[in-house]
Amino acid sequence: DSPNNVAVTAASLSRTLIRPGDVATVNVTVSNAGPFPLKEVPLRLYLRSARSTYTQDRKVSIAAGGLAPFTFELEGLEAGLWQGQVEIEIEDELRFDNRRFLALMSAPPWKVLIVDARMPPNRFGNNRGHDRDVAAPSVSCIYVQVVLYPKLSPVPDLQGVTGQAH
């Protein structure tokens with residue numbers, strides 16, 4: 001006895017951008033439009049990145065004519081773009097709706113260098129430096145370049161870098 005239709009009607013992420021090692025939740029809704037309850041039907045979450053795969057399997061039960069919510073907790077995803085699907089593994093009359101696709105990015109926080117040519121006011125309330133008569137540096141042009149996800153290579157640590165901007 002095959003059910004009329006079982007479908008993954010929704011699959012959504014709690015967050016689409018996470019930090020490596022953070023936890024995200026996938027909320028899934030499964031519908032059983034058939035006249036019989038379903039017991040122990042395989043539901044699979046499958047994600048892949050450029051370097052790895054991630055799967056979670058569970059068995060679900062759904063009442064006849066009912067909707068059932070399920071959650072998957074994503075943990076330990078390394079940095080990268082993760083794409084995949086949630087799929088209910090059952091033979092039914094309408095198989096095209098047995099899966100939903102999703103994607104998320106796991107990336108470390110961006111390191112940001114802020115350049116400001118103004119000197120902070122000293123204890124006397126002027127911008128002449130701290131306890132010395134120093135003029136504020138002159139900056140004629142600042143170039144800022146942002147590169148999005150360059151193979152997820154780490155940004156060099158720029159703390160303590162001094163010098164003249166060109």
Side-chain angles (χ1 to χ4, degrees), residues 1-117 141-161 165-166:
D1 292 334
S2 173
N4 291 338
N5 188 32
V6 178
V8 176
T9 58
S12 62
L13 290 153
S14 60
R15 299 174 4 198
T16 56
L17 174 63
I18 63 171
R19 303 293 177 225
D22 279 1
V23 176
T25 302
V26 180
N27 298 303
V28 179
T29 304
V30 179
S31 167
N32 175 10
F36 304 105
L38 297 172
K39 295 193 186 281
E40 302 294 314
V41 178
L43 182 65
R44 169 172 273 193
L45 168 69
Y46 172 79
L47 297 172
R48 69 188 170 287
S49 72
R51 292 178 280 213
S52 188
T53 60
Y54 181 93
T55 60
Q56 279 189 34
D57 294 303
R58 63 186 310 170
K59 301 280 186 175
V60 300
S61 297
I62 312 158
L67 291 172
F70 302 99
T71 58
F72 291 98
E73 296 291 320
L74 302 177
E75 295 184 68
L77 294 180
E78 63 186 36
L81 174 63
W82 292 85
Q83 301 175 18
Q85 63 193 25
V86 176
E87 181 174 16
I88 189 129
E89 298 175 358
I90 191 168
E91 295 289 328
D92 66 351
E93 295 172 13
L94 296 169
R95 294 193 58 175
F96 71 90
D97 60 0
N98 289 5
R99 74 178 77 175
R100 294 284 173 171
F101 297 93
L102 47 94
L104 75 148
M105 175 63 72
S106 176
W110 289 3
K111 293 184 179 182
V112 177
L113 173 64
I114 299 174
V115 179
D116 188 348
C141 186
I142 297 174
Y143 294 97
V144 177
Q145 180 177 4
V146 176
V147 179
L148 298 178
Y149 314 117
K151 295 185 183 178
L152 296 172
S153 61
V155 175
D157 186 4
L158 298 175
Q159 229 174 14
V161 174
H166 292 285

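FYI, side chains are in, hydrogens and waters are out, and symmetry mates aren't considered; it's all heavy atoms of this structure.
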To the nearest 0.5 Å, what is the distance between CD1 on Ile62 and OG on Ser31? 8.0 Å
Rounded at 0.5 Å granularity, tell me how far CD in Glu73 sits from OG in Ser14. 7.5 Å
Tested for side chain to side chain contact (heavy atoms under 4.5 Å, CB included) against Leu74, the lone hit among Leu47, Ile18, Asp22 is Leu47
Option among Leu17, Val26, Leu77 that satisfies the side chain to side chain contact (heavy atoms under 4.5 Å, CB included) test with Leu104: Leu77
Would you check if [X] and [Y] make a side-chain contact, meaning some heavy-atom pair closer than 4.5 Å?
X      : Y     : answer
Glu78  : Arg51 : yes
Ser52  : Trp82 : yes
Pro108 : Arg19 : no

Could you check whether Glu87 pairs with Arg99 (Lys NZ or Arg NE/NH1/NH2 to Asp/Glu carboxylate O, under 4.0 Å)? yes
Shortest non-hydrogen contact from [X] to [Y]?
X      : Y     : value
Phe72  : Gln56 : CD2-OE1, 3.2 Å
Ala103 : Thr16 : O-CG2, 4.3 Å
Arg48  : Gly84 : NH1-CA, 4.0 Å
Pro42  : Lys59 : CG-NZ, 4.0 Å
Val6   : Val30 : CG1-CG1, 4.0 Å
Ala64  : Asn32 : CA-ND2, 3.7 Å

Hey, does the side chain of [X] reach the backbone of [Y] with a donor-acceptor pair shorter than 3.5 angstrom?
X     : Y     : result
Ser61 : Lys39 : no
Asn98 : Ala7  : no
Thr9  : Thr29 : yes
Arg44 : Asp57 : no
Glu89 : Leu43 : no

Kindly determine whether Leu45 and Thr55 satisfy side chain to side chain contact (heavy atoms under 4.5 Å, CB included), including the steps that lead there. CA-CA 5 Å; Leu45 168 69; Thr55 60; over 6 Å; no
Test of understanding: with salt bridge (charged side-chain N to carboxylate O under 4.0 Å, His left out), list the residues that count as partners of Arg58, not counting sequence neighbours. none
Do Ile88 and Asp97 pass the side chain to side chain contact (heavy atoms under 4.5 Å, CB included) test, and can you show the C-alpha distance, the side-chain angles, and the key distance before you say yes or no? CA-CA 9 Å; Ile88 189 129; Asp97 60 0; over 6 Å; no
